[in-house]
Amino acid sequence: MKLASLLLLGCGALLAAPPIVIQNANVLTITKGSFKGAVVIKDGKIVEAGEKVIIPPGAQVIDAGGQYLMPGIIDCHSHIAADSINEGSVSVSSMVGIEDVLDPTAISIYRALAGGVTTANILHGSANSIGGKCSVIKTRWGKGAQGILFEGAKPGIKFALGENPKRQGNTPNVRIPGAPISLRYPATRMGVEDVIRQAFTEAKQYQKQWKDYEARKASGAAVIPPRRDLKLEPLVEILDGKRLVHAHSYRADEILMLLRVADDFGFKIKTLQHVLEGYKVAKEIAAHGAGASTFSDWWAYKVEAYDAIPYNAAIMVRKGVLVSLNSDDAELMRRLNTEAAKTMKYGGLTEEEALSLITINPAKQLDLDNRIGSIEAGKDADLVLFDKHPLSSFAKVQKVLIDGTVYFDRDTDLSDRNRRQLEKQKLLDKEKQNQPKKQGGPGRRPA
Amino acid sequence: MRRILLAVLAALPLMGAADDTFAIRAATVHPVSGPKLENATLLVVNGTIAEIGNAKLAVPKGTRVIDGKGLHVYPGIIDSSTQVGLSEISSVRETSDVSELGDFKPQLRAAVAINPSSEHIPVIRANGTTTALAVPGGGLIAGQASMMHLDGWTWEDMTVRRDAAMVLNFPTLSASGDRSFADARRNYDQQIRNLSAYLESARRYQKAKAAPVPDFRIDLALDAMLPVLEGKVPLLVGAERERAVRDAIAWADREKLKIVLFNVRRPGKAMTEIKSRNIPVILGPTQELPLEEDDPYDEAFTVPLEFHKAGVKFAFGTFGNQFARNLPYQAATAVAFGLPYEEALKAITINPAEIFGISAITGSVEKGKWADLILTDGDPLEVKTQVKRMFIKGKEVDLDSRHTRLYKKYMARP
């Protein structure tokens with residue numbers, strides 16, 4: 001009911017908005033080459049992009065002044081806007097979901113937006129072999145928790161291999177004398193595999209219970225449905241191809257292990273996340289059909305990152321893997337464009353290949369390439385305008401549109417700063433006035 | 001010893017065989033200390049820049065000539081804060097020698113703990129950094145930061161200046177958790193008193209040493225403070241915000257000490273005090289989140305511009321190892337958000353050389369300085385640019401690293 005009225009409101013707003021034409025831009029479509037021209041937006045969608053376009057009557061025209069227009073940047077691995085990340089108590093925590101803890105007021109959303117990011121895959125943490133469910137959001141700053149969700153995005157789930165999920169199985173270095181040590185299985189990479197195999201063995205049985213039940217019910221038998229299991233339901237969705245697996249991984253051995261587990265149980269790993277040693281098993285990753293979402297140049301922050309190299313993305317691209325670059329970090333997220341440029345330096349990708357790593361490739365990794373990731377007629381009007389070529393170190397974001405609406409404008413941001421400062425001062429003054437007069441005794445605070 | 005060796009080398013006739021004697025022709029030279037020179041010739045003799053001229057500059061017969069066509073010559077980049085060689089894998093305690101125990105340890109010297117075989121060294125230099133300050137941490141006076149060349153068989157070979165600065169982590173006033181502000185204040189005041197008392201001990205020691213008293217005994221820690229008291233070694237004072245900066249400056253005034261401010265982020269009104277005393281500043285990474293939730297989104301990006309506007313001399317540091325190779329891009333981010341390009345380039349070359357007292361020998365492409373050079377195919381601040389060759393004291397340095405080795409190995413995997 002609420003959803004329906006929201007949808008109606010949304011449609012109403014869109015219908016009322018005039019078409020927008022961004023002209024005189026260097027358009028980097030990613031999938032259809034680059035040209036100097038214009039993009040026409042109607043009802044939140046791109047309707048035309050070309051050197052010459054037909055300007056619809058009543059259109060709002062934005063002159064890009066020769067600046068660079070590219071599709072909104074997609075970050076396939078982020079934790080912004082999430083109130084909590086890890087459910088660390090159990091090693092299989094597929095019953096929890098990020099959607100329940102999204103905070104649409106997190107300033108990290110605006111900052112990511114100001115860096116050109118329009119879509120982000122918000123992942124559960126990496127403390128669990130099988131972690132929680134993920135949410136794909138659009139950085140629609142100012143909208144509610146429902147408003148930032150990417151409507152219609154296929155649900156995902158986080159897996160994690162290696163040092164992080166086994167950490168709680170190891171005796172901590174620093175111990176409080178007398179305190180009990182509670183260790184959680186697994187403590188090794190062998191154990192991580194076992195946890196995942198055990199979970200999918202259970203899930204297969206659970207899947208069969210339901211299939212049998214549905215079959216018997218369809219044949220008219222009076223049967224009692226199986227007891228619902230919220231932990232196993234998402235795993236059945238994985239087996240049914242309805243939920244995408246995003247697997248945190250570092251070392252080549254564990255990457256290969258997970259691919260084989262998935263092969264054995266008949267499901268696909270949609271993306272390997274971080275996948276810092278992916279370059280060592282690129283052939284196997286490509287053969288499985290998994291995507292790889294990696295860092296540009298992180299390394300040596302832990303032992304399993306000691307063989308990480310900045311050539312990882314380029315090697316995997318050359319060996320046929322679908323690769324994206326991600327941030328996993330609220331700061332780095334703001335400059336994925338220059339992260340992409342690093343793959344030209346390290347491994348010699350072309351400009352178009354480099355930009356694909358933060359646009360169309362992550363769109364494919366999220367099964368959203370019919371909606372986002374390139375400037376093509378019919379896709380969502382998620383666009384970023386850079387003052388210089390986005391692969392330049394000196395480029396900065398000028399405007400960001402999502403669904404054809406301007407969500408970030410640098411000029412507006414700058415001109416609004418004084419007003420916001422004054423508003424803050426007013427609130428501070430008011431707060432001061434509201435403070436009760438000091439009546440001795442420390443620690444008195446307003447209720 | 002080294003100087004003698006150099007003198008001997010210089011006395012030898014030019015044979016063209018010495019690998020630190022060569023000429024680069026037809027390159028674009030960016031001296032940083034002056035305007036760029038197109039189609040220039042650069043002559044290096046025995047590791048030192050002997051001449052910079054135009055295409056017609058004659059070079060001694062037999063000199064090895066490097067074709068610099070299409071290439072750019074810049075001074076080697078200097079990183080003003082790293083843990084290079086002191087830390088290998090940051091999460092593994094056994095591989096870190098950054099922080100020693102105790103509050104006052106001026107006698108500690110970063111240089112001696114630098115592992116010349118660290119995999120970080122070739123990785124960092126591959127992107128143009130020839131020289132880096134290795135900064136110890138922990139306690140109040142953490143020890144001596146050492147300026148190191150990123151090449152050498154031993155840490156001794158690598159040392160440019162062992163005592164480039166004395167590191168002081170200025171006390172911070174912060175109330176958190178259960179601690180009340182008054183409590184935090186008391187603790188802060190006590191730390192400042194301890195610091196001043198330590199300086200007072202050092203001064204008494206200085207006097208006692210100058211006019212030996214009968215029971216005078218060498219104290220290695222206090223002895224290490226003497227160059228600081230004499231103004232020969234600057235105190236590198238970490239202070240992030242206005243109050244810390246103001247207190248640090250007021251304290252240094254009282255103690256009459258020469259300081260360099262370190263990791264300053266938001267000096268506020270204390271900026272005028274920094275400027276009026278001409279205190280140089282090492283800026284933290286520009287690629288950071290804003291300090292406060294309600295700060296402008298580009299707050300960290302515009303910090304260098306604020307210092308430039310105030311007329312303060314500054315240099316950039318990366319404050320780590322993992323991203324030290326990205327130093328030029330930190331500088332570039334400041335340019336994107338308003339800092340003049342030339343100032344950004346200076347902040348990773350000549351400014352740190354001046355701040356740490358090594359500008360007579362490095363930091364720009366000038367006659368008489370060491371040939372600490374990089375040859376690039378473009379602007380080193382642009383990510384796409386490749387560093388093609390590097391020279392440290394005129395000796396060509398290998399640009400391969402753990403990363404290029406693994407790259408080649410696995411690209412070739414059938």
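The sequence lines fix the lettering, A, B, ..., with proteins before strands; numbering per chain opens at 1. All values derive from a computational prediction rather than experimental measurement.
For residues 315-328 of chain B, the interface with chain A (any heavy-atom pair closer than 4.5 Å) comprises B/Gln322, B/Phe323, B/Arg325, B/Asn326, sorted by residue number. Contacts between residues 399-414 of chain B and chain A, defined by a heavy-atom separation under 4.5 Å, are made by B/Arg402, B/His403, B/Thr404, B/Leu406, B/Tyr407, B/Tyr410, B/Met411, B/Arg413, B/Pro414.
In this structure, the side chains of B/Glu242 and B/Arg266 stay at 4.5 Å or more apart for every pair of heavy atoms. B/Thr385 places none of its side-chain heavy atoms less than 4.5 Å from the side chain of B/His72. Between B/Asn127 and B/Tyr329 the shortest side-chain heavy-atom distance falls below 4.5 Å. Here the side chains of B/Asp398 and B/Pro122 are not in contact, with every heavy-atom distance at 4.5 Å or above. Between A/Val303 and A/Glu163 the shortest side-chain heavy-atom distance falls below 4.5 Å.
Judged by distance alone, the side chain of A/Arg111 and the main-chain N or O of A/Ala114 form no donor-acceptor pair under 3.5 Å.
Of the listed residues B/Glu288, B/Lys384, B/Glu382, the one with more heavy-atom pairs under 4.5 angstrom with chain A than any other is B/Glu382. Ranked by heavy-atom pairs under 4.5 Å with chain B, the first of A/Tyr306, A/Tyr279, A/Tyr301, A/Tyr346 is A/Tyr306. Per-residue counts of heavy-atom pairs under 4.5 Å with chain A were compared for B/Asp379, B/Leu381, B/Thr95; the largest is that of B/Leu381. Across A/Lys342, A/Arg318, A/Lys388, A/Met344, the residue that shares the most heavy-atom pairs under 4.5 angstrom with chain B is A/Lys342. Counting heavy-atom pairs closer than 4.5 Å to chain A, the top residue among B/Pro296, B/Ser180, B/Ala334 is B/Pro296. Your options are A/Thr338, A/Leu391, A/Asp307, and the one with the most heavy-atom pairs under 4.5 Å with chain B is A/Asp307. Comparing A/Arg420, A/Lys283, A/Arg334 by how many heavy-atom pairs each has under 4.5 Å with chain B, the most go to A/Arg334.
Between A/His274 and A/Phe295, the ring planes lie parallel to each other; the angle is under 30°, not in the 30° to 60° tilted range.
Within the 4.5 angstrom heavy-atom criterion, only side-chain atoms of A/Glu351, from C-beta onward, approach chain B. For chain B, the nearby part of A/Ile107 is the side chain; its heavy atoms alone come within less than 4.5 Å. For a residue to count as touching a neighbouring chain, one of its non-hydrogen atoms must lie under 4.5 Å from one of that chain's; by this rule A/Ala308 touches chain B with the backbone only.
The number of heavy atoms from other shown groups lying within 6.0 Å of CD (B/Glu292) is above 12.
Taking the charged nitrogens against the carboxylate oxygens, B/Glu342 and B/Lys346 have no contact shorter than 4.0 Å, which rules out a salt bridge.
Closest non-hydrogen pair, B/Thr349 versus B/Pro75, comes out as CG2-CG, 3.7 Å. Of all non-hydrogen atoms in A/Ile73 and A/Val384, the two that sit nearest each other are N-CG2, 4.1 Å.
The side-chain contact (heavy atoms from CB on, under 4.5 Å) check on A/Leu428 picks up A/Lys424, A/Gln425, with sequence neighbours excluded. Remark: A/Ala314 engages A/Leu349 in a side-chain contact (heavy atoms from CB on, under 4.5 Å) (not counting sequence neighbours).
Remark: A/Lys396 is not positioned above the aromatic ring of B/Phe301, lacking an NZ or CZ atom under 6.0 angstrom from the ring centre and at most 45 degrees off the axis.
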